[in-house]
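Below is one structure, written out as structure tokens, with a few remarks after it.
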Amino acid sequence: MNFPPPASPPLSILMYHQIGIYPRPDEHRALFCHIDRFRSQLRYLKWAGFDVINLTEARRRLFEGSTYHRRSVVITVDDGYDDFREFAWPALQEEGFSATVYLVSSLLGKNANWLTEWPTKPALMTAQAVRTLRQEGCDFGSHAVSHPRLSHLDARRQHAEIFDSKKSLEDLLGEEVPHFCYPYGDYSLRARDLVHEAGYRTATTCIRGAGNFSDNPFELTRKAISYGDNLIGFAWKLHAKHARKGQGAQPDRA
Ligand SMILES: [Zn+2]
């Protein structure tokens, strides 16, 4: 896989999970964002003159020589929680922004059953909600069929998680689904190559850093926005915390 070195100026892919009305969590803080903070973060992006773009445009800017002059941001939201429909999407629409939501294809309208330790498993968006939001301009990507750790699966099951989720989301939406996100940020080189082979155009990881530090479009780095990030913390992550940190591809275990 040979791609030219990434371009500048800074292009950050932000990572969110649940966005809504939540008390300060004792743990998993990076999996929650209060809607009031989310709204102020969106207003900050507008005030500071960021281009809020989608992943297709990010790929063009980072890897296909598309010139750009303004700092840029992609908003990604993992798992497809129903709170996105209720809180985050209306806030995004108010600012004229979109986002990419990664869906677990076999769990639409169900609960986040992979959160085995959690006393209550949050609800996930229904197929109907996904279709409605798509009509309103929201982007959707695949987060596999069942939210597994891909490096723990054998090649056949990796193939099924990556290819079958694409197919069923494309059937649901009636269009290409070009973006993938590795559940838990867990991937192997074999899984990455299957994502490429399946026809996806990008895949996001949980490796921290500005997107400019991504090795290729199938190992995109992101910045997690945490519950504790006030506006200063948010701005710090946007403007300064660009360096790459965190584990890349894992060895396949099966
Ligand atoms: Zn996830």
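In each ligand, atom 1 is the first atom listed, and ligand 1 is the first ligand listed.
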Can you tell me if, anywhere in H147, an N/O/S atom lies at a distance from the Zn ion (ligand 1) that is smaller than 2.8 Å? yes
Please determine whether H143 has a backbone or side-chain N, O or S atom lying under 2.8 Å from the Zn ion (ligand 1). yes
So, S72 and R61: side-chain donor and acceptor under 3.5 Å apart, yes or no? yes
Is the number of heavy atoms from other residues, nucleotides or ligands within 6.0 Å of NZ (K167) greater than 12? no
To the nearest 0.5 Å, how far apart are CG in D51 and CZ in R71? 10.5 Å
When rounded to the nearest 0.5 angstrom, what is the spacing between CG in L55 and SG in C181? 9.5 Å
In D79, what N, O or S atom is nearest to the Zn ion (ligand 1), if we give its atom name? OD1
